[in-house]
Every structure is written in C-alpha cells, then in structure tokens.
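Numbers restart at 1 for each chain; the letters A, B, ... are given by sequence-line order, proteins then strands. For clarity, every value in this text was computed on a predicted model and none was experimentally measured.
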Amino acid sequence: MNSPSKKLITAALPYANGPIHIGHLAGAYLPADIYARYLRLKGEDTLFVCGSDEHGAAITLRAKKEGKKPQEIVDQYHELNKKAFEDFGISFDIFHRTSDPLHHETAQDFFLALNEKGVFEKEEKEQFYDEEFQQFLADRYITGTCPKCHNPGAYGDQCEKCGSSLNPQELIDPVSTLSGNKPILKKTTHWFLPMQEHETWLKEWIEEGVVDSKKQHDPKSWRKHVIGQCKSWIDGGLQARAMTRDLDWGVKVPLKDASNKVLYVWLDAPIGYISATKAWAKKENKDWKAYWQSSETDMVHFIGKDNIVFHCIIFPIILKAHGNYNLPVNVPANEFLNLEGQKLSTSRNWAVWLHEYLADFPEKQDVLRYVLCSIAPETKDSEFTWEDFQTRNNSELVGIYGNFVNRALVLTHKYFDGEIPQAKADLSEYQSIVDSLKQYAQNCNQYLQAYRFRDALVEAMAIARLGNKFLADTEPWKLIKTDEAKVKDILFISLQIAANCAVAFEPFLPDSSKKLKNLLNLKSANWESLGSLEILQSGNIINKAEHLFQKIEDEQISLQVQKLKATEKQTRMEEKKYLPLKEMIQFDDFSKLDLRLGTVTTAEAVKKSNKLLQLDIDLGFEKRTILSGIAKHYTAEEMVGKQVVVVANLAPRKMMGVESQGMVLMAENSEGELNLINTEDSFEPGSNVS
RNA sequence: GGCGAGGUAGCUCAGGUGGUUAGAGCGCAGCACUCAUAAUGCUGAGGUCGUGGGUUCGAGUCCCUCCCUCGCUACCA
C-alpha cells in the first residue's frame with residue numbers, strides 16, 4: 001500500500017424524517033468528525049462529506065398523513081439537522097442533500113453507466129398495486145394471513161409470528177396498509193442487481209483486503225463485528241435485488257420505458273456521497289474525481305451497525321461494477337448507544353435530541369462530545385446515563401483538564417504577571433515528564449489512526465493528568481519563596497503541557513481547544529508539535545485565567561432524568577390512549593357468552609412461560625383448569641382464594657402443552673397493567689354474570 | 001421455547017492471533033498538599049475472570065455442558 005495523499009471521509013446520510021439524537025452522533029458523526037479534524041490537523045488533504053437522505057416511501061407517507069408535500073417535510077429536517085451538526089462542531093466540508101438536482105443527475109448518470117455495462121437484469125413481475133392510492137406497494141405495506149401459520153397479521157416480506165420469510169403474493173387475503181383495500185396484481189418491470197455474481201471477489205476483498213489481485217486494505221484494521229456481519233451475509237448467499245421502485249418521490253429512472261419509477265435507496269443515498277463531493281468541488285473549484293477515482297485517495301465510511309451491509313457489500317458492488325471508483329479502505333461502524341437502560345427510539349421519543357440538549361446546556365457541546373466519545377459503542381453496545389454524564393464532566397473535564405489549565409495560568413499570572421517564563425537551557429532533570437508527554441502523544445496518535453477514539457481520548461486526558469501530577473510533585477508555590485529560577489522552569493513546562501492539551505484535545509473538543517488557545521495566545525499549533533515543549537514562546541503574554549468547563553449540579557441532572565421519564569410516560573399514553581370502539585353487536589351476540597363467578601383454588605406458574613399462570617378454578621358446579629396471561633401482574637400465591645369472572649363456554653385451547661378450559665376476565669389500563677374483576681359482596685361460585 | 005448479545009474488582013467497563021504477580025476510570029479508605037471550580041497527587045483494599053468439564057506444558061483468552069442477565073420473539077382465548 002502506498003501512502004495516499006488525500007482522504008475522503010463520509011458519514012451516513014441521515015434520513016430527513018426526524019431530528020438527530022445522541023445515538024446518531026455517537027454512532028457516526030462524532031467519530032467521523034474526530035477523524036476528519038485529526039487528519040486536517042496533520043495537514044492531510046481531507047474532505048468530509050455528508051447530507052440529507054430525502055427520498056423513500058416513509059417520507060411520502062408522512063407527507064400524505066400531514067397533508068404536506070414531501071419537499072416540505074424534507075426541507076424542515078434538512079435545515080434542523082444541518083444546524084444541529086453545526087452547533088456540535090461537526091465539521092462537514094459540505095452537508096448536501098439528495099433532493100438537489102445535482103444529485104439526481106449524478107445518480108441517474110451512475111445508473112445509466114451501470115445499465116450500459118449490462119450490470120442489471122431487467123425483469124417483468126407482477127406486484128401488488130393499490131388502486132385508490134395509485135401506487136405499487138412495498139412489501140412491508142402489505143399485510144395478510146400467513147400461509148404457513150395462519151397468523152392474520154403477517155407482512156408482505158415475512159411473518160413475524162412463525163418467522164418464515166414470504167413473498168407478498170403468498171399472503172392469504174392481502175390488504176394494503178395505505179388504503180385498507182385489497183390490492184390488485186399488476187405487471188411492472190424492474191432492474192435487478194444480481195449480487196450473487198459478486199460473491200467471490202467480495203469475500204476476498206473483505207477477508208484478505210485484496211481486490212483485483214492488489215492489496216487494498218488490511219483486514220486486521222477492520223472491526224471484528226463489521227467483518228463478521230459481512231461474512232455471515234456472504235456465506236448465507238447473496239440474492240438479486242431490484243434497484244428500481246414504483247414510486248414518484250425519488251430519483252427518476254432515466255429510461256424511456258421506466259416512467260413513474262425511481263431509483264431504489266441503494267442507488268440513491270450512497271451516490272449522495274459522490275454528488276456532495278461534486279457540489280463541494282464546484283464551489284471550491286476543485287476536481288471531485290481526485291477524491292473518488294484516484295489511487296492517491298483513501299476513503300473511509302463512518303456509519304452505525306445497521307448500515308454495514310449497505311456500505312460493505314452493496315455500495316462496493318456498485319462502485320466496482322461501475323469501474324474507476326475506489327472502494328473504502330475501512331468502514332469503522334459503531335454499535336448502538338442505549339439511554340438509561342433502554343435503546344434509543346425516535347418514535348417513542350426515548351432520546352436526547354441535539355437541539356434540546358443545547359437548549360438545556362447552552363454552549364456545552366464539547367461536554368456531550370467528550371462523554372459520547374468516552375462511551376462510544378466502538379466494539380459493543382454501550383450506555384449513556386445522565387449520572388455518568390455529570391461525573392465525567394465534573395471529575396474529568398472540570399477536575400482534571402480544566403483545573404490543570406487553570407492552575408498553570410493562575411500561577412503564571414501570580415508569579416510572572418502572565419509572561420511565559422524563560423526556562424534554563426538544560427531541562428534534563430525533567431526528562432521523565434517529557435518522556436511521559438511524548439508517550440501519551442504517541443499513543444493518542446496511534447489510537448486515532450486505528451479508529452480507537454475512546455482510547456485516544458483517554459491518552460489526551462492523560463496529558464492533563466500528567467500536568468496535575470507535575471505541579472503536585474514540584475510544588476512551585478513553595479519553591480517561589482526560595483528558588484524563583486526553578487519556578488520559571490516548572491511553569492514553562494506546565495504551560496507547554498497545557499498547550500499540548502489544546503492540541504491533543506482539538507479533534508475531540510474543538511471549541512474548548514479554541515478557548516484554551518486564546519487563553520494561551522496561541523495562534524496555531526499543528527499535530528506534529530504534540531509531545532514537544534516548543535509550542536509556546538517564552539516572553540509571550542498569556543491571558544487571564546478563565547474556566548474551560550463548569551460543574552454540572554445534581555438538580556440539572558435530575559431535571560433531565562425527570563424529563564425523560566415524563567416523555568416516556570406521555571408517549572406510552574399516546575400510544576395506548578383508548579382502544580377504538582368495536583363494531584356494534586346485537587343482544588343475541590352478547591347472550592352467547594356464558595360468564596360465571598369462580599374461585600381460584602390453586603395456582604402455579606406455567607413452566608417455560610413468563611406470562612402464563614395455570615389456575616384451578618371452582619365454578620361451583622364443576623372445576624376448571626384455566627391458563628391466564630397474568631404472571632407479570634399477579635403471583636401464583638396471591639391468586640389463590642381470589643374471586644374471578646370466567647368465560648365458561650369458551651372453546652378449550654392448548655397453550656404451552658396445557659389445555660385451558662375458559663378465560664379469566666381482567667381490566668387493562670393504558671399502562672398495560674392488569675386488574676381482576678370482582679363482585680362487591682363476593683357471591684358464591686357459579687353465579688351467572690350478565 | 002426460538003434468535004441475538006452478554007456474564008471480569010462495590011459501580012461502569014478494557015482485556016488482537018492462549019504465556020510471567022488479571023487492568024483502567026469512578027466510588028471507598030488512609031496519607032500528602034493548598035497554586036486551583038473542597039479542585040489535585042500518592043497509597044491501599046486484595047476480584048474462584050458465571051458453573052462444571054475438556055484441549056494444552058500453559059486459558060478471561062479455544063471446545064462442550066449447564067446456570068443467569070438483557071434485547072427481539074413466542075405463550076396473554
């Protein structure tokens with residue numbers, strides 16, 4: 001491998017259907033930004049691109065639901081997210097969008113090029129079509145009865161009850177989820193990408209890092225879970241996938257016989273990286289090809305784990321099939337971030353939204369960057385808690401880093417009126433400090449190169465720790481009384497360490513580094529100076545000390561926790577609310593029910609079930625065994641002796657190997673809690689309920 | 001029950017291709033210090049690396065059994 005002179009960094013295009021939360025940031029944008037900033041600091045020719053992914057059925061449907069145009073939805077979130085990224089210092093060279101004409105043109109050209117090379121297989125198939133909505137239906141917008149297990153709620157692509165994967169045409173009584181009508185079958189043509197034809201070279205590329213007999217990357221530098229997931233896909237056998245869709249919101253398929261068809265997301269979103277590059281190049285008067293088609297350029301995709309297959313299999317196939325394009329040298333996908341014990345969920349509002357965070361913690365974007373990098377899910381899922389956020393801020397940012405900087409500045413002002421002192425020529429008695437500094441700097445650099453940002457950040461913090469230790473060991477506040485010359489050496493070194501902090505933290509905490517550099521009157525410092533005692537110039541004046549970070553109090557934290565709990569409760573209420581009223585019935589329908597009072601005589605948990613209790617119930621005239629799904633609300637012990645209402649003429653049903661002879665009635669509230677139904681004066685068993 | 005992930009110090013977690021006394025941060029205890037946002041530094045507690053087997057000269061690190069936890073899913077008639 002040569003050492004490329006250019007770097008292209010991409011971060012997954014966020015879907016313009018909602019705002020950005022800490023999971024997105026920790027998963028892709030923060031590591032990408034750290035890496036991009038690191039490369040720029042090293043002076044490498046770096047381009048960092050991203051943009052909004054604005055097409056797809058979900059946006060169309062949402063627009064329809066809200067009575068808006070798709071473009072309105074997309075405009076709203078594009079602007080919101082663009083601003084959130086800016087506020088958090090995500091230093092995209094361009095944040096483009098896929099609704100831009102340049103993108104449509106680029107994606108269409110790409111499609112045409114592939115089509116001319118005969119990469120696709122054109123095939124006509126019958127597909128379900130919703131006549132009322134006048135559109136073909138994606139698999140997941142069709143439900144029906146599963147042909148295998150007769151579950152009435154199966155989706156067009158799979159039945160979640162029995163787990164079998166399906167074709168929409170297999171469903172019994174298919175229904176469109178758009179209109180609720182029965183869809184009709186209609187012929188339509190699509191362009192398929194036969195991925196199975198690419199298995200051989202893909203396998204070699206992923207496992208050996210070799211493509212076209214050339215070493216392209218070192219697989220050892222790739223994360224284990226990334227390679228693992230790719231292998232399991234390839235080993236499971238790749239299949240042909242349609243690259244076109246019958247929709248009207250998207251990039252039009254640029255062929256005469258393809259009206260009302262758009263490119264599928266695989267040929268749309270990732271091409272967004274290319275069109276973003278083109279848009280940037282146009283503006284900057286540069287050549288976009290230098291970043292995509294030159295062997296001098298390394299490309300790295302930053303994504304979350306849900307995007308691995310996309311970026312490691314499908315996009316590479318497309319790029320290679322097109323020819324001329326580079327493949328990524330790494331795809332450092334992160335796993336998922338959880339929040340206070342639960343996974344983040346946009347729909348359930350279980351998230352910390354970037355724009356809301358800044359409203360509550362103004363100008364504290366670096367604190368969140370610090371915490372999210374410290375706990376980034378680089379090798380496995382990890383957890384964000386507000387308590388941890390507070391601890392890391394207070395004990396690490398304030399106590400270690402901010403405090404050290406403050407000590408060095410305050411001492412310099414106190415003893416030398418803010419002038420960086422002149423140290424003696426021979427500082428060899430401090431060699432061990434210099435060695436440690438160099439070591440941390442080197443470690444930090446190596447970890448950054450290896451995409452290990454958590455570890456790299458720990459090394460940066462170690463530099464601040466070193467500074468604190470140095471001051472504690474040398475005690476300049478004592479020495480000043482006896483040996484001012486030595487205090488000059490000590491503060492000279494301390495200030496150099498502070499300057500080192502400014503450099504080392506710059507990729508992670510750009511705003512704080514800027515502040516610190518201002519305090520030190522340091523115009524610029526590149527990455528190469530890291531580890532040296534030559535960043536600051538003796539004789540220069542530094543500014544008066546200001547705190548880089550502020551403590552976060554308990555009240556602020558409990559407020560956030562309360563906020564989370566409140567939104568959680570609210571969304572749960574909204575989800576449940578009141579069930580819709582069922583269809584009206586006649587008295588005859590009701591009188592078919594035979595409801596009786598019964599007394600629970602014995603109760604036990606059903607083995608290997610976590611919901612079912614097995615109850616023996618005395619109905620007066622006979623005894624019944626009934627299974628009831630209440631184990632999460634009642635223990636077996638407390639059920640014994642309870643009076644219940646039983647549906648006594650319900651057909652028996654076997655569950656978990658036991659026959660249930662009836663059903664116990666329960667009330668369920670909006671929280672999903674269950675409660676028994678009783679008579680006021682405990683009538684005798686067998687009494688009729690009507 | 002099925003699928004996925006995981007069980008390492010009080011807590012949160014590191015521990016590529018097996019190899020000397022198993023690590024970090026926080027918390028805790030003691031000591032030092034007072035320049036600093038009661039901040040910092042040093043020292044310590046002494047963890048059967050979930051269980052039981054196996055492979056090996058040698059296993060948190062590989063194989064098998066079992067137990068437990070979490071997520072999705074099934075069982076709520």
For nucleotides 14-17 of chain B, tabulate all protein N/O to nucleotide N/O atom pairs closer than 3.5 Å, reporting atom names and distance.
| residue | atom | partner | partner atom | Å |
| --- | --- | --- | --- | --- |
| A14(B) | OP1 | K380(A) | NZ | 3.2 |
| A14(B) | OP2 | K380(A) | NZ | 2.6 |

- Query: If we take the P atom in both G1(B) and G10(B), what is their distance in whole Å?
  - Reply: 30 Å
- Message: Using a heavy-atom cut-off of 4.0 Å across all strands, would you classify K469(A) as base, sugar-phosphate, or nothing?
- Response: sugar-phosphate
- Message: With rounding to the closest Å, how many angstrom separate the C1' atoms on C62(B) and G46(B)?
- Response: 29 Å
- Query: What does G402(A) touch in the nucleic acid at a heavy-atom separation under 4.0 angstrom: a base, only the sugar-phosphate, or nothing?
  - Reply: nothing
- Query: In whole angstrom, what separates I552(A)'s CD1 from U37(B)'s P?
  - Reply: 18 Å
- Task: Just call it for T385(A): base, sugar-phosphate, or nothing, with non-hydrogen atoms closer than 4.0 Å on any strand.
- Result: nothing
- Item | Between C1' of U12(B) and CD of E396(A), the distance in whole Å | 11 Å
- Task: Could you let me know what U55(B) is paired to, Watson-Crick or G-U wobble, both distances under 3.5 Å, or none if it's on its own?
- Result: none
- Item | Reference residue T602(A); test side chain to side chain contact (heavy atoms under 4.5 Å, CB included); the match among D618(A), I617(A), D616(A), L615(A) | D616(A)
- Inter-nucleotide C1' distance (C26(B), U21(B)), Å rounded: 25 Å
- Hey, does L665(A) reach any base, or is it just sugar-phosphate, or nothing, if we go heavy atoms under 4.0 Å? nothing
- Task: Quote, to the nearest angstrom, the P distance that separates G19(B) from C13(B).
- Result: 25 Å
- Measure from CG on L337(A) to P on G71(B) and round the result to the nearest Å. 16 Å
- Task: Tell which nucleotide pairs with C72(B), taking only Watson-Crick or G-U wobble pairs whose two distances are both under 3.5 angstrom.
- Result: G2(B)
- Message: Less than 6.0 angstrom separating the ring centers of F453(A) and Y447(A), yes or no?
- Response: no
- Item | N403(A) side-chain proximity, nearest of C33(B), C35(B), A36(B) | A36(B)
- Message: Can you tell me how far apart OH (Y430(A)) and CG (D435(A)) are? Round to the nearest 0.5 Å.
- Response: 15.0 Å
- Message: Nearest whole Å is fine: how far is C13(B) P from E383(A) CD?
- Response: 7 Å
- Now, which nucleotide makes the Watson-Crick or G-U wobble pair with U21(B), with each of the two distances under 3.5 Å? none
- Message: Any strand counts, and the cut-off is 3.5 Å on both contacts for Watson-Crick or G-U wobble. Which nucleotide pairs with A45(B)?
- Response: none
- C1' gap between G50(B) and U65(B), integer Å: 14 Å
- Task: Tell me what N468(A) touches on the nucleic acid: a base, only sugar-phosphate, or nothing, going by heavy atoms under 4.0 Å.
- Result: sugar-phosphate
- Starting at CG of L457(A) and ending at P of A24(B), how long is that distance when rounded to a whole Å? 18 Å
- Item | R392(A) CZ - C11(B) C1' separation (whole Å) | 12 Å
- Message: Whether the side chain of Q216(A) engages the backbone of P328(A) through a donor-acceptor N/O pair (distance < 3.5 Å, no angle test) should be reported.
- Response: yes
- Item | Side-chain N,O (K551(A)) to OP1/OP2 (A39(B)) below 4.0 Å | yes
- Can you establish whether the number of heavy atoms outside E363(A) located under 6.0 Å from its atom CD is more than 12? no
- Looking across every strand, which nucleic acid part, if any, lies under 4.0 Å from L627(A) by heavy atom: base, sugar-phosphate, or nothing? sugar-phosphate
- Task: Starting from P on U37(B), measure out to CG on L411(A) and report it in whole angstrom.
- Result: 11 Å
- Item | C1' gap between U61(B) and G16(B), integer Å | 11 Å
- Nearest listed nucleotide, side chain of K478(A), among A36(B), U40(B), U34(B): U34(B)
- Item | Spacing of the C1' atoms in G23(B) and A38(B) (rounded, Å) | 30 Å
- Message: With a 3.5 Å limit on both atom pairs, tell me what G10(B) is paired to, counting Watson-Crick and G-U wobble, or say none.
- Response: C26(B)
- Message: As a test of understanding, state which of N543(A), L491(A), I542(A) forms a side chain to side chain contact (heavy atoms under 4.5 Å, CB included) with L409(A).
- Response: I542(A)
- Message: Measuring only the C1' atom in each nucleotide, how far is A9(B) from G60(B)? A whole number of Å is fine.
- Response: 14 Å
- Using purine N1 to pyrimidine N3 plus N6-O4 or O6-N4 for Watson-Crick, or N1-O2 and O6-N3 for G-U wobble, each under 3.5 Å, what pairs with A32(B)? U40(B)
- Exactly one of Y401(A), F404(A), Y440(A) clears ring pair (Phe, Tyr, Trp, His ring centres under 6.0 Å) with F505(A), and that residue is Y401(A)
- Along RNA chain B (nearest heavy atom to each residue), the more 5'-positioned of V398(A) and V458(A): V458(A)
- Query: Is there a Watson-Crick or G-U wobble partner for U61(B) with both distances under 3.5 Å, and if so, which one is it?
  - Reply: none
- What does F404(A) touch in the nucleic acid at a heavy-atom separation under 4.0 angstrom: a base, only the sugar-phosphate, or nothing? nothing
- Message: Need one value for V410(A): base, sugar-phosphate or nothing, where a base atom within 4.0 Å counts as base even if backbone is also close, heavy atoms only.
- Response: sugar-phosphate
- Message: Just the rounded figure in Å: distance from C1' of G25(B) to CE of M461(A).
- Response: 11 Å
- Residues in side chain to side chain contact (heavy atoms under 4.5 Å, CB included) contact with E419(A), at least two apart in sequence or another chain: I541(A)
- Message: Looking at E396(A) and R465(A), is any side-chain nitrogen of the basic one under 4.0 Å from a carboxylate oxygen of the acidic one?
- Response: no
- Task: Check the angle between the aromatic planes of H24(A) and H21(A) and answer parallel, tilted or perpendicular using the 30° and 60° thresholds.
- Result: parallel
- Which part of the nucleic acid, if any, lies within reach of R465(A) when heavy atoms closer than 4.0 Å are counted: base, sugar-phosphate only, or nothing? sugar-phosphate
- Of the nucleotides U37(B), C35(B), C26(B), which one has an atom closest to the side chain of Y415(A)? C35(B)
- Pick one for G54(B): is it syn, with its angle within 90° of 0, or anti? anti
- Got a salt bridge between R452(A) and D455(A), using NZ or NE/NH1/NH2 to carboxylate O under 4.0 Å? yes
